[in-house]
Amino acid sequence: MEIELLGNKLNPSVIVIGVFHGDEPQGNYLIRMYFENNNKTSLLMLPCLNKYGFENNKRTNKNGVDLNRNFPTKNWTSGELGDYYGGKLPSSEEETKFVISLIDKYKPKAILSLHSPYKVVNYDGGASGDGKKLAEKISEIINYPVEENIGYPTPGSFGTWAGIEKDIPIITLELDENETIEKLKNPIFKIFKMLENY
């Protein structure tokens with residue numbers, strides 16, 4: 001399985017991830033458009049984690065697993081088969097293993113994960129308040145509210161694993177699914193630029 005990485009592959013302090021869920025494609029387009037004009041970026045950018053889901057407009061990967069429920073958290077559960085299925089085992093999926101290996105290799109200071117559709121800046125991690133502070137900076141740019149809790153249980157989520165359990169500030173930026181990429185481009189590019197200096 002080939003997962004494309006763009007940007008700083010030597011010593012990035014921030015990682016940006018698009019398309020955990022294949023039916024949330026905005027991150028792929030925005031990351032690629034940004035990189036076209038900023039190929040010397042200090043960010044490490046992963047435009048499309050879930051290639052199968054992206055190509056088939058499905059939330060899950062080729063094995064029917066929700067990658068954002070497949071991380072080895074204390075609260076992991078396989079759950080029911082369906083859009084939120086956590087897999088047979090935690091970290092059972094190649095995509096999950098790939099992300100874990102990236103975090104272990106680079107030990108980023110922060111991570112931005114692009115999702116949709118809720119129009120909120122959700123954060124996890126940063127015991128000293130770094131996650132919340134970063135979320136507030138992003139909120140000022142995109143004008144979405146900051147939410148510590150997404151409002152429903154997310155066992156096995158990336159935010160819980162990397163944010164709460166590893167204490168890396170994680171921003172889950174939930175984009176407006178009804179907004180065009182052209183309109184999202186300006187605020188998202190400003191966020192990327194801000195993260196280059198994080």
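Predicted model only: the values in this text are computed from it and were never measured.
Using modelled atom types, one finds no donor on one side chain facing an acceptor on the other under 3.5 Å when comparing Glu95 with Asn50. Side-chain N/O atoms of Asp66 and His21 include a donor and acceptor closer than 3.5 Å. Counting only N and O atoms by type, the side chains of Glu174 and His115 include no donor and acceptor under 3.5 Å apart. Between the side chains of Thr96 and Asn70, at least one donor-acceptor pair of N or O atoms lies under 3.5 Å. A donor and an acceptor atom, one from each side chain of Thr41 and Glu196, are located under 3.5 Å apart. Counted by atom type alone, Asn38 and Lys193 present one or more donor-acceptor pairs between their side chains at under 3.5 Å.
Across all non-hydrogen atoms, the minimal contact from Pro12 to Leu43 is CB-C, 4.5 Å. For Leu112 against Phe192, the heavy-atom pair with the smallest separation is CD2-CE2, 3.7 Å. Contact between Thr160 and Thr154 at its shortest, heavy atoms only, is OG1-O, 4.1 Å. When all heavy atoms of Cys48 and Phe54 are compared, the closest pair comes out as SG-CB, 3.6 Å. Shortest non-hydrogen contact noted between Val19 and Pro47 is CG2-O, 3.5 Å. Closest of all the heavy-atom pairs between Pro187 and Ile142 is CB-CG1, 4.0 Å.
More than 12 heavy atoms of other residues, nucleotides or ligands sit less than 6.0 Å from atom CG of Asn39.
The aromatic rings of Phe71 and Phe20 are tilted relative to each other, their planes meeting at an angle between 30° and 60°.
Asn8 places a side-chain N or O within 3.5 Å of a backbone atom of Leu10 that can act as its donor or acceptor partner. Formation of a donor-acceptor pair under 3.5 Å by the Tyr123 side chain with backbone atoms of Lys133 is not found in this model. Here the side chain of Thr73 pairs a donor or acceptor atom with the backbone of Gly156 at under 3.5 angstrom. Without hydrogens or angle criteria, Lys185 side chain to Leu30 main chain gives no donor-acceptor distance under 3.5 Å. A distance-only check finds no donor-acceptor pair linking the side chain of Glu148 to the backbone of Asp124 [under 3.5 Å]. Listed for the Lys107 side chain is a donor-acceptor partner under 3.5 Å among the backbone atoms of Asp104. Within the 3.5 Å criterion, the main-chain N or O of Ser116 finds a donor-acceptor partner in the side chain of Glu24. Side chain of Trp76 to backbone of Arg69: a donor-acceptor contact under 3.5 angstrom is found. The main-chain N or O of Tyr29 is never found under 3.5 Å from a side-chain atom of Tyr34 such that the two would form a donor-acceptor pair. Remark: side-chain polar atoms of Asn56 are not paired, donor with acceptor, to backbone N or O of Lys58 under 3.5 angstrom.
The closest side-chain heavy-atom distance from Ile191 to Ile141 is below 4.5 Å. A heavy-atom distance below 4.5 Å is not found between the side chains of Lys105 and Lys9. Using a 4.5 Å heavy-atom cutoff, the side chains of Lys62 and Glu94 are in contact. Contact annotation: the side chain of Ser42 never approaches that of Asn197 to less than 4.5 Å [non-hydrogen atoms, C-beta and beyond]. Looking only at side-chain heavy atoms (C-beta outward), Gln26 and Leu184 come within less than 4.5 Å of each other. Considering only heavy atoms from C-beta on, Pro108 stays 4.5 Å or farther from Val14 through its side chain.
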Derivation and outcome, side chain to side chain contact (heavy atoms under 4.5 Å, CB included), residues Tyr144 and Ile138: CA-CA 8 Å; Tyr144 292 172; Ile138 289 171; over 6 Å; no

CA sep, side-chain torsions, deciding dist, call: Glu140, Lys190, salt bridge (Lys or Arg N to Asp or Glu O under 4.0 Å): CA-CA 11 Å; Glu140 284 173 22; Lys190 282 183 181 170; over 6 Å; no

Residues Ile17, Leu49; criterion side chain to side chain contact (heavy atoms under 4.5 Å, CB included); working and verdict: CA-CA 7 Å; Ile17 303 174; Leu49 176 62; 4.3 Å; yes

Check against side chain to side chain contact (heavy atoms under 4.5 Å, CB included), Ile171 and Ile111: CA-CA 6 Å; Ile171 303 298; Ile111 301 166; over 6 Å; no

Audit row: Met194, Leu134, side chain to side chain contact (heavy atoms under 4.5 Å, CB included) steps and yes/no: CA-CA 10 Å; Met194 181 267 290; Leu134 184 55; 4.0 Å; yes

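Tracing side-chain contacts under 4.5 Å through hydrophobic residues (I, L, V, M, F, W, Y), one never reaches Tyr198 starting from Ile170; they form parts of separate clusters. In this structure, Ile164 is not a member of the same hydrophobic cluster as Ile103, with clusters built from ILVMFWY side-chain heavy atoms closer than 4.5 Å. Note on Phe98: it does not cluster hydrophobically with Met45, by side-chain heavy-atom contacts below 4.5 Å among ILVMFWY residues. Hydrophobic cluster membership differs between Phe35 and Ile15, with clusters built from Ile, Leu, Val, Met, Phe, Trp and Tyr side chains linked at under 4.5 angstrom. Val121 and Ile188 fall within a single hydrophobic cluster, where Ile, Leu, Val, Met, Phe, Trp and Tyr side chains are chained together by heavy-atom contacts under 4.5 Å.
A distance of 8.5 Å separates CD in Glu177 from CG in Asp23, rounded to the nearest 0.5 Å. A distance of 10.5 Å separates OG of Ser13 from CG of Leu44, quoted to the nearest 0.5 Å. Remark: Ser92 OG to Asn63 CG distance equals 7.5 Å, nearest 0.5 Å. Distance check: Glu4 CD to Asn28 CG gives 8.5 Å after rounding to the nearest 0.5 Å. Here CG of Asp176 is found 4.5 Å from NZ of Lys119. Values are rounded to the nearest 0.5 Å. Put simply, CZ on Phe158 and NZ on Lys166 are 10.5 Å apart, with the number rounded to the nearest 0.5 Å.
The existence of a salt bridge linking Glu93 and Lys88 is excluded, since no basic side-chain nitrogen approaches an acidic carboxylate oxygen closer than 4.0 Å.
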